[in-house]
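Each ligand, and each atom within it, is numbered from 1 in the order the structure gives. The structure displayed is predicted, hence computed values, not measured ones. In what follows, every heavy atom counts, from backbone to side chain, and hydrogens, waters and symmetry copies are set aside.
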Amino acid sequence: MDLVIRNASQVLTCTRPDLEAPYTGQDAGELGLTTGGVAIEDGRIAAVGPDVDGMDGKQVIDAQGGVVLPGFVDCHTHAVFHGSRADEFELRAQGTPYQEIARRGGGIRRSMELLREATDEQLEESVRKHLDWFLQAGTTTIEAKSGYGLSLEDELRSLRALGIDHPVEVTRTCLAAHSVPPEYEGDTRGYLEMVANEIYPAVLAEGLARYCDVFCETGVFSFYESQLIMEAGRELGLRPRIHADQLSRTGGARLACRVGAISADHIEFISKEDAVAMRDEGVIGVLLPAANHILDQDERPPARAMIGVRCPVAVATDFNPGSAPVFSMPLTLNMACVRFGLTVAEAIVGATMNAACAIERQDEIGSLRVGKQADVLVCDVTDYREIAYYAGRDPVSVVVKRGVVRKERGSPRAAR
Ligand code: NIG
Ligand code: FE
């Protein structure tokens, strides 16, 4: 074996014998708990479970009674942005609403200006910094959206910057329909036509994204405008995703069902009936508790009802400079439990297997199954619930990406 991780008190395989599909309903918290460890060869998982304790390898990591689990998959991030909006964070804390800040020229518009001013090199440096943060926190794969460029050239620059060489794998999404840029003020249709006729074809020609996304929200893109742009993307070959029903009820989750979107994200304002429709159409509900927390939103997605009706649920950070400057999945798991009422097991499945399904990578990542890519974490806790429990503490002591150790801190330490 190339690498053997052994002596774990809990191994969360997040897998079941039968299928690579989202875990729902009573299975939504199916951790596939075992003991022992994981053996890795050629970047792939070669063995999992108690037998691994007896195995030897070229490299051995003693988990010292810790918890072993799949690398986190963050299926909703805005990882390409430049600079921060810490001043807006403070303004909001003092009572200025998010949408009011946007009306004053802050918000997405402000990040657009910062991104457009940045050189390609600066943008790549920002992306590299963000990916480094993800990796240190145990996230081995992310979905990342453009959406702060809002012009042909700046959307392409954003997606190219997300393609830098880095251990964290990035699945890219074109979110040109994030906001109407100043050049198109008052001409939303004109902007969307440009997105459909110029940006999407250029993105596809360069192979820069697999998905398109839209911010369907009151005062941003309406239900019908969102439908138009999602259908345009789909016809060209970009599978849609959608920012839906976050700050108001726009019907975005229903739209996701209608156009065959892979996921509907945020979904604070959906109903149980919407969740049933999502289940029937195979639309994954992506919960973003960090954005809900940072915006101090009273409205919460009906997470328990979603699980009750077997609607698939994933959990992601929404990492972005405005509503969620949060890259840590352990912290996000804490918020998923506290704010949305998930069990820790449901939150972990939502951030591994179900998140892998939300980016259609479930055959390669998201669970510890023999033959899959070896993206593995060791946490220095003895009960998996402590990953979410110690809010703000980094429990991840070892990160392995495609069989290569990318982080290893003091305890547990390498046996040799
Ligand atoms: O997912 N909702 C839309 N977009 C982001 C926030 C964008 C920003 O504030 O920069 C989100 O919350
Ligand atoms: Fe988002």
Quiz item: Arg157 side chain to Gly149 main-chain N or O, any donor-acceptor pair under 3.5 Å?
Solution: no
Quiz item: Short question: side chain of Glu360, backbone of Cys357 - any donor-acceptor pair under 3.5 Å?
Solution: no
Exercise. Specify side chain, backbone, both or neither for Glu217, according to which of its non-hydrogen atoms lie closer than 4.0 Å to ligand 1.
Key: neither
Quiz prompt | Aromatic plane relationship, His76 with His243 - under 30° parallel, 30 to 60° tilted, over 60° perpendicular | solution = perpendicular
Quiz item: What orientation do Phe81 and Phe319 show, parallel under 30°, tilted 30 to 60°, or perpendicular over 60°?
Solution: tilted
Exercise. Taking the Fe ion (ligand 2) as the reference point, name the nearest N/O/S atom of Asp318.
Key: OD1
Self-check item: For the Fe ion (ligand 2): the N/O/S atom of His78 at shortest distance
Solution: NE2
Quiz item: Which is it for Ser151 and Asp154 under the side-chain hydrogen bond (donor to acceptor under 3.5 Å, both in side chains) test, yes or no, and what are the steps along the way?
Solution: CA-CA 5 Å; Ser151 71; Asp154 293 299; 2.8 Å; yes
Self-check item: Within 45° cone and under 6.0 Å: Arg241 NZ/CZ vs Tyr211 ring
Solution: yes
Interfacing atoms of ligand 1 (cut-off 4.0 Å, heavy-atom, [X]):
X: Phe215; value: 2 (N), 3 (C)
X: Gln246; value: 2 (N), 12 (O)
X: His78; value: 1 (O), 4 (N), 5 (C), 11 (C)
X: Gly322; value: 9 (O), 10 (O)
X: Arg85; value: 8 (C), 9 (O), 10 (O)

Quiz prompt | Thr317: which of Thr332, Thr77, Asp74 passes side chain to side chain donor-acceptor pair (under 3.5 Å) | solution = Asp74
Heavy atom of the protein closest to [atom] (residue, atom name, distance):
atom: atom 12 (O) of ligand 1; value: Ser323 OG, 2.5 Å
atom: atom 11 (C) of ligand 1; value: Asp318 OD2, 3.2 Å
atom: atom 9 (O) of ligand 1; value: Tyr98 OH, 2.5 Å
atom: atom 10 (O) of ligand 1; value: Tyr148 OH, 2.6 Å
atom: atom 4 (N) of ligand 1; value: His178 NE2, 2.8 Å

Quiz prompt | pair Asp375-Leu368: side-chain heavy atoms closer than 4.5 Å | solution = no
Self-check item: For the student: nearest non-hydrogen atoms of Val168 and Thr139, plus distance
Solution: CG2-O, 3.7 Å
Self-check item: Contact flag His76/the Fe ion (ligand 2), N/O/S atoms, threshold under 2.8 Å
Solution: yes
Quiz item: Are His266 and ligand 1 in contact, using a heavy-atom cut-off of under 4.0 Å?
Solution: yes
Exercise. Step by step, work out the salt bridge (Lys or Arg N to Asp or Glu O under 4.0 Å) result for Arg249 and Glu299.
Key: CA-CA 11 Å; Arg249 185 174 168 83; Glu299 201 70 36; over 6 Å; no
Practice problem: Indicate yes or no: does an N/O atom of His243 lie under 3.5 Å from an N/O atom of ligand 1? | Solution: yes
